[in-house]
Amino acid sequence: MSAVRSVLAPLRRSALAGRRTFTSSSSRRSESLFVHRDTDYNNPSERDCREPTDPVQIPFEFDAENLKRANEIISRYPPQYKKAAVMPVLDLGQRQNKGWTSISVMNAVAKLLEMPPMRVYEVASFYTMYNREPVAPNFLQLCTTSPCQLGGCGSTKILETIENHLGIHAGQSTKDGKFTLIEVECLGACSNAPMMQVGDEYYEDLTPETTIKILNALAKGEKPQPGPQSGRKTSENSAGLTTLTSKPYGPGEFCLPEFQ
Amino acid sequence: MLRQLAARSLARRSGAAPSGSRLLHSTRPVMADVTLTVDGKEVTVPQGTALIQACEAAGATVPRFCYHDRLAIAGNCRMCLVEVERSPKPVASCAMPAMPGSKVFTNTPLVHKAREGVMEFLLANHPLDCPICDQGGECDLQDQSMRYGSDRTRFHEITGKRAVENKDLGPIVKTSMNRCIQCTRCVRFANDVAGVEDLGTSGRGNDLQIGMYIEKTMDSEMSGNIIDLCPVGALTSKPYAFQARPWELKKTESVDVLDAVGSNIRIDSRGVQVMRIQPKINDEINEEWINDKTRYAYDGLRYQRLTTPLVREGDKFVPATWEHALETIRIGYQNSGAQGDEVKAVAGHLADTESLIALKDLVNRLGSENLTLDQPSGDAPPVTGVDVRSNYLFNTGIENIEDADAVLLIGTNPRHEAAIINARFRKSFLQRGAEFALIGEKFDSIFAYDHLGTSAKDVADFLGGKGKGSGKGEFAKVWKEAKKPMIIVGSAVTEGKDGAAVLKAVSQHVLKNEGKFLTSEWNGFSILQRAASRAAAYDIGFTPSPSSASVKPKFVYLLNADEIEPSSIPEDAFVVYQGHHGDLGAQFADVCLPGAAYTEKASTWVNTEGRAQDGRVAVPPPGVSRDDWKIVRALSEVIGNPLPYDNVHQLRDRMWDVSPTLVRYDNLEVPSFEIQKVGLNLLSSLSASTPSSTAFKKPIEDFYRTDPISRASVTMAACSKAFTKKEYTFSDEESGDKQASFA
């Protein structure tokens, strides 16, 4: 044994030559970027020093209707706590800005609420529902939390279906710019698992077939009927009702005659 | 509990409606005392005190990272966990108020285990790069993991340690964000003290990171303090990067002279070089902060120095011996034929009190009263006069400005003239809801102010109760109702041509409202000096007599005078320059005498409040340069009129004779209420022209280049480029070494 080792030793040494590294642990990078980088689709409209090579400015301003709505939201809070309105106003900005919160949206909110821009950036980067990258008009948020993973056919299957059908992975957008797919955590519709949210609508009780039907309809620009796709009503028992099956009695029924 | 207290303090302040929105965090009002037991020892603290402070008061050390007694409480590091009787879990002592009768334990198995666990979590994502980290040796994390941590870890994350990209905050702060433990001290400092509201935390959970979100420099003159605050090596000093280890440095406590605040500093030196400058805690002056010029101008002490006497021969300077140089001066003085006031001395910003006294004595002995200062109209007697100290000092006191409820700034930009005082203004703006107004050139402020005008006329109009300031203004109302109003007149105003008019208007207003401005515990009339030597120069009467102003000098002695007007030096005069840098003044000299910089001499400095402080020797002066007063003393001997002191003790005895306040170190001697009134009466009877409508100008255009030391500093040049000119080039993310390339 020791003979073998002595034969191998020079070999090992030569293999390691020039590789005198010390062990370091691998680095775990964050899933999304928590700093802003100027790009040609996302850069602030105002900056102190702008170089000619910088990408074009993309400004954002609230339109008249949203401004009115924003002021209504602000008026719900005491005047010295204007900044309390930051979350609803950011959402308003996101809606006006095609579903995503650009740096200019955040700056506009900061200006409107008279707060330092960084306070808005903090909020927008903390909450995952402020999309800091552009999203397609059909923004698919598929729930992959345990109940959805277990319920029905399971969200894993739905994820595969969508990925195969659209040819994208979670976190990506289709080339035609119609769909963006992301995985999200629980959206609170566990009894109708698996489910996904498209824009503001919930599509529940998904199967691979109904999912493809929804995707096709969305691709055509139609809006499929939201809610459970299995045909049941909201979250009623899918095997049929077991209680409250008879007709509910009307007012006054079974009461003494004088009250009928 | 805390929230209740906060709500109460909010309610208390709700009288002034807009002030409620300023505070990110509110302070707790001081209330009755509570008594509790810490480790079996009874201790009494004011109600509302954090438990951690109560523990400190009882002599128990509690480890901490996020808690800092001058910052708001965050409670996010969890290192300060202690055991409280009848509490089911260990509690974070920084975020828990001390409760009466509670029994606290800081040294039990539960506490040990809790600290060990917290430390393990903190180290889970902390890189093991201590050998190449500049914080090594003064790192809280290092020290506390040795003291409280476990000797092994249970974390073996396959996904690796959290990796965060470095931020480029400018030429001062170097970042290494992998090391960050997210204590948010820097964020709280930047927001609450420095007024940089751009620093914050982005992201969430494990991915939370400190930064500005967008690429930006930390544009503040107080930014260097976040390096001290950082308990780990995430924020370190760029100019000091990889220069020295803390245990190699000799530490000398001294006083800063780059502005008139007199911040207390600790000079860290190695051999003959000043390696860095750190703040020294002094609650009456700079608390725990110093500005970036104080901290980083030290590299200017290495460049452009005069290390040997120089004698002009033709159009160049030739190195000479002391003997030769002093002899040349004697011959030059005799040949110039200067008589009486034709001998002129000019003292600059960085002249220490000892050399001022010596030079004044020498010049007086030569029969001259022509003692001038290198400021606009420094050739004439100052309008404030020098007979009453309270006429040229910051009478309110740096500590007391936090009590002011309405502040009127006249022709001054405290942010650049006294950054430490400015930080106090922000404090009172946030915590007390003080109102501010400015008459003068606008500046980028860290507190909100009403701009009431720009000229002496506007001052007279506002104080006289007419003009636009009084009519339209919210501030006029505040001013009238203020209980502790304060007027700060900038030193540039008193030096300007409207100085007398402004002082007259102000003093008349103060006398008229004597009950508010001038009581036994409050003086609301202050002059803000901007040069370290100015208050001392006035104290010893380093000012010309009225008649000497018109005399054309034949012999000029420049003592650290680098802000002089070149035209004020006649072509044919014999000029001696004494100083430590080859700056402006040296260019006119026939003989240059190398003096010592403030880190190299034991000298007295009087700050803008009139507080004498002791500057100590950290390193020897370079080459053959000498203590400044000794040079003057030697020259007096050569000229044949020797001064009567041979050592510093005799000289300080002489200073005592001139004014005892000069040698009562660290003591603030406030003139009595009656004397202050006499002074104000003098000012109010000044013969002044009608106030003109010429706008006041800021005396400091570039905060980072105000004196010979900072002008010679490479770091200050980089700061000036980045912050004054806004021309900072952000480094590439990957080339970490590029960050420190200029240092």
Side-chain angles (χ1 to χ4, degrees), chain A residues 22-39 42-51 53-55 74 77-86 101-107 110 113-130 132 185, chain B residues 10 13-14 16-24 124-129 131 155-168 177-178 187 190-191 195-217 219 722 725-730 733:
Chain A
F22 54 83
T23 5
S24 63
S25 49
S26 58
S27 52
R28 194 197 65 79
R29 292 165 194 279
S30 58
E31 281 169 10
S32 61
L33 203 56
F34 288 112
V35 291
H36 168 77
R37 298 251 163 77
D38 279 359
T39 55
N42 186 14
N43 62 76
S45 52
E46 281 169 44
R47 243 177 99 180
D48 299 338
C49 45
R50 182 164 281 281
E51 284 168 30
T53 51
D54 278 357
I74 293 167
Y77 301 97
Q80 73 268 36
Y81 296 118
K82 240 180 145 177
K83 61 186 172 190
V86 64
T101 310
S102 69
I103 188 85
S104 302
V105 171
M106 300 182 208
N107 286 344
L113 301 180
E114 293 164 7
M115 58 200 282
M118 184 64 209
R119 300 283 92 76
V120 182
Y121 305 154
E122 281 175 340
V123 171
S125 65
F126 184 87
Y127 292 100
T128 52
M129 285 167 83
Y130 297 115
R132 288 174 297 118
E185 300 308 328
Chain B
L10 270 180
R13 284 189 293 105
S14 61
S19 65
S21 61
R22 282 175 188 164
L23 248 179
L24 205 54
N125 272 321
H126 193 80
L128 275 174
D129 57 356
F155 279 104
H156 298 286
E157 291 283 341
I158 312 160
T159 47
K161 294 198 175 197
R162 183 196 61 224
V164 184
E165 64 186 32
N166 293 342
K167 312 286 183 293
D168 193 349
M177 289 318 224
N178 282 344
V187 174
N191 283 282
V196 181
E197 288 171 331
D198 302 314
L199 198 64
T201 54
S202 59
R204 54 149 57 183
N206 201 37
D207 294 327
L208 181 94
Q209 51 178 286
I210 306 288
M212 308 249 189
Y213 191 69
I214 49 175
E215 195 173 58
K216 221 172 172 185
T217 54
D219 196 353
K725 302 201 186 84
K726 316 261 181 214
E727 285 168 1
Y728 186 69
T729 351
F730 287 94
E733 179 43 39

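Just so we're on the same page: letters track the sequence lines, and every chain starts at 1.
- Side-chain contact between B:Y213 and A:I103: present, with at least one pair of heavy atoms (C-beta onward) separated by less than 4.5 Å.
- Residues B:L208 and A:F126 form no side-chain contact, since every pair of their non-hydrogen atoms from C-beta on lies 4.5 Å or further apart.
- If you run side-chain contact (heavy atoms from CB on, under 4.5 Å) between A:V35 and each of B:K167, B:E215, B:M212, only B:K167 comes through.
- To the nearest 0.5 angstrom, B:I214 atom CD1 is 6.5 Å from A:N107 atom CG.
- When heavy atoms are compared at a cutoff of 4.5 Å, A:M115 does not approach chain B at all.
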Going through the distances and angles, do B:N191 and A:R119 end up as a side chain to side chain contact (heavy atoms under 4.5 Å, CB included)? CA-CA 11 Å; B:N191 283 282; A:R119 300 283 92 76; 2.6 Å; yes
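- Residues B:E165 and A:R37 are paired through a salt bridge, judged by an N-O separation under 4.0 Å between the basic side chain and the carboxylate.
- Within the 4.5 angstrom heavy-atom criterion, only backbone atoms of B:L199 (N, CA, C, O) approach chain A.
- The main-chain N or O of B:T201 is found under 3.5 Å from a side-chain atom of A:E122 such that the two form a donor-acceptor pair.
- A pairwise comparison of heavy atoms in B:E197 and A:M118 identifies O-CB, 3.4 Å as the closest pair.
- Side-chain atoms of A:S125 come within 3.5 Å of backbone atoms of B:G203 as a donor-acceptor pair (strictly under, hydrogens ignored).
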